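Since the structure comes first, as structure tokens, the remarks are kept for the end.
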Amino acid sequence: MTVTELLSYDAALAAYDPVMGLEVHVELGTKTKMFCGCSTELGAEPNSQTCPTCLGLPGSLPVVNAIGVESAIKIGLALNCEIAEWCRFARKNYFYPDMPKNFQTSQYDEPIAFNGYLDVQLEDGEIFRVEIERAHMEEDTGKSTHIGGATGRIHGASHSLLDYNRAGIPLIEIVTKPIEGAGERAPEVAKAYVAELRELIRALGVSEARMDKGQMRCDVNLSLRPNGTKTFGTRSETKNVNSLRSVERAARFEIQRHAAVLTSGGTIVQETRHFHEDDGSTTSGRIKDNAEDYRYFPEPDLVPVAPARAWVEELRAELPELPRVRRNRLREEWGVSEHDMQSILNAGAVDLIVATTDAGAPADQARKWWMGELARSANESGKALDELAITPAQVARVTELVASGDLTDKLARQVIEGVLAGEGGPDEVVEKRGLKVVSDEGALGTAVDEAIAGNAGIADKIRGGKVAAVGALVGAVMKATRGQADAARVKELILERLGVTEG
């Protein structure tokens, strides 16, 4: 199925109702792996952070990472889940080269957290509740790098390289219940859910949840059923989608692809699929296994996990302010409308504005620069706001220079441009580009006198009562000072020279 064979989105929704299931894997930010003492630090030499346990060598025995369990409980509590009084690990058996043990230590029918929900806010402010089936503990696999071929995948590669540094890193898999009732907004709901979940994980401090680094990945399960029916259709599972935009695009593409297959009389195959960032399409991976194909059985080398109720309640009491509560508080503190707050959220600017105010900037000025000049720069460069080469502290310094009168807004924009271009911090850019406001009264007076002398006709009009014409003289002074004069002070000086009182 190629992109050109898709059914239009409107036609797909006119005939079918989408049902989604989202499985999100989160790498925990522990110092050591889930079942051994190997480091989890990124960037080490391949296969340098391994031991007999995470390599599955005979005679090695696993030990559960206590911080991993604690993090799992925190996530479960933040997702309004019930926390199991007793649960255990299981072996999920399958062969793949990046699985050194030939099984994954996971949880099957006894997850540590279950039966929860997460309320997410859509772009128009509507709240949609996503119900959580479970959040369970497991370990990550290693990394395969396929050499040769055009796609970077195993098909067509000449050989593959395996790095087991990641094998055994703690994972929490968060699985939703079937998401029904979203209709045409299903892709938006998927994106909003993953975004909200990412913010929650970061607020808990259990992971950086960087999707670009593989610390958070989403599997998008999707099926269609004819409108007005209740029976679920056959699902596909698009694996390891690693950006918010891609989650939305993958869901949308699969809706159109499923609809095209079904309307043409075809049958959906239950399979995994790969998502392609370049065109937003998916392609077939492998036939999807059912749970029984993994031959789950209880892990014999690990004791059950039985969190004490007192400990669970201690962790509940220690939960930080959660993202939606925080956003509502900030909206009131900043005095902005729900619509404006949603725009700030959609732009990914909330944390940046907070960090800028923490660095000393007034909240309204922090919002002004992040949502104005910096948002424009981000859009032009195709980057997210937090990917721009400027820090909240540097933005705060720019606002300070404007407040002190050392910069005008126009000059401040040039300073930001210089910082983004790698010319240094705000003060360095001001110095290198010579951007400080001309505040010397003598120099300003000379520029004003020259503007009046060179525009005698306009000066006469102002003396005659047409005060609005002063703008032309202000413009002349600003041009002469390369925009580095305070326009308000220039206007005052011109009117003083001409003996005119504004009013």
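This is a predicted model, so every value here is computed, not measured. Computed over heavy atoms, backbone and side chain alike; hydrogens, waters and symmetry mates excluded.
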Close side-chain approach of E139 and F35, heavy atoms under 4.5 Å: yes
All pairs passing side chain to side chain donor-acceptor pair (under 3.5 Å) where residues 192-209 contributes a residue, at least two apart: E196-R327
CD-CG distance between Q121 and L345, expressed to the nearest 0.5 angstrom: 7.0 Å
Exceeds 12 heavy-atom contacts within 6.0 angstrom, atom CD of E338: no
Any side-chain donor near an acceptor of the partner, H274 and T282, under 3.5 Å: no
N/O donor-acceptor pair under 3.5 Å between S246 side chain and N242 backbone: no
Heavy-atom side-chain proximity of T176 to E23 below 4.5 angstrom: no
Spatial distance of atom OH (Y296) from atom CG (N93) [nearest 0.5 Å]: 9.5 Å
Identified side chain to side chain donor-acceptor pair (under 3.5 Å) counterpart of S236 within the set Q270, R273, E254: E254
Any side-chain donor near an acceptor of the partner, N328 and E332, under 3.5 Å: no
Side chain to side chain, M99 and Q104, heavy atoms closer than 4.5 Å: yes
Flag for S8-D10: side-chain donor and acceptor within less than 3.5 Å: no
Those residues that, when tested against D119, pass salt bridge (Lys or Arg N to Asp or Glu O under 4.0 Å) (two or more places apart): R129
T263 side chain vs A259 backbone, donor-acceptor pair below 3.5 Å: yes
Test log, rule salt bridge (charged side-chain N to carboxylate O under 4.0 Å, His left out), inputs R91 and E299: CA-CA 5 Å; R91 290 189 180 184; E299 167 57 69; 2.8 Å; yes
Any donor-acceptor N/O pair, K74 side chain to L204 backbone, under 3.5 Å: no
Cationic tip of R134 above F114 ring, under 6.0 Å, 45° of axis: no
Atom pair CD/CG of E27 and D140 - distance to nearest 0.5 Å: 4.5 Å
Under the salt bridge (Lys or Arg N to Asp or Glu O under 4.0 Å) test, residues paired with E126 that sit two or more places apart: R185
cation_pi(R252, Y9) dist<6.0 Å, angle<=45: yes
Residues E373, R376: salt bridge by 4.0 Å N-O rule: yes
Contact check, side chains of L55 and K101, non-hydrogen atoms, under 4.5 Å: no
Test item: K31 side-chain N/O and E41 main-chain N/O as donor-acceptor pair under 3.5 Å: no
Which residues share a salt bridge (Lys or Arg N to Asp or Glu O under 4.0 Å) with D109, sequence neighbours left out: none
Review item, side-chain donor-acceptor pairs of residues 82-90, under 3.5 Å, at least two apart:
from	atom 1	to	atom 2	distance (Å)
E82	OE2	N115	ND2	3.0
R88	NE	E110	OE1	2.6

I201 side chain reached by V206 side chain, heavy atoms, under 4.5 Å: yes
Ring-face cation of K92 near Y294 (centre distance under 6.0 Å, axis angle within 45°): yes
Donor-acceptor pair between S106 and E138 side chains, under 3.5 angstrom: yes
Rounded distance (nearest 0.5 Å) linking atom CD1 of I416 with atom CH2 of W369: 4.5 Å
Inter-residue atom distance E70.CD - L315.CG, 0.5 Å rounding: 5.0 Å
Sub-4.5 Å side-chain heavy-atom contact between I255 and L13: yes
Reported CG-to-CG distance for the pair L374 and L420, which is rounded to 0.5 angstrom: 6.0 Å
Partner residues of D98 under the salt bridge (Lys or Arg N to Asp or Glu O under 4.0 Å) criterion, sequence neighbours left out: none
Check against salt bridge (charged side-chain N to carboxylate O under 4.0 Å, His left out), E321 and R329: CA-CA 10 Å; E321 184 180 36; R329 173 179 60 79; 2.9 Å; yes
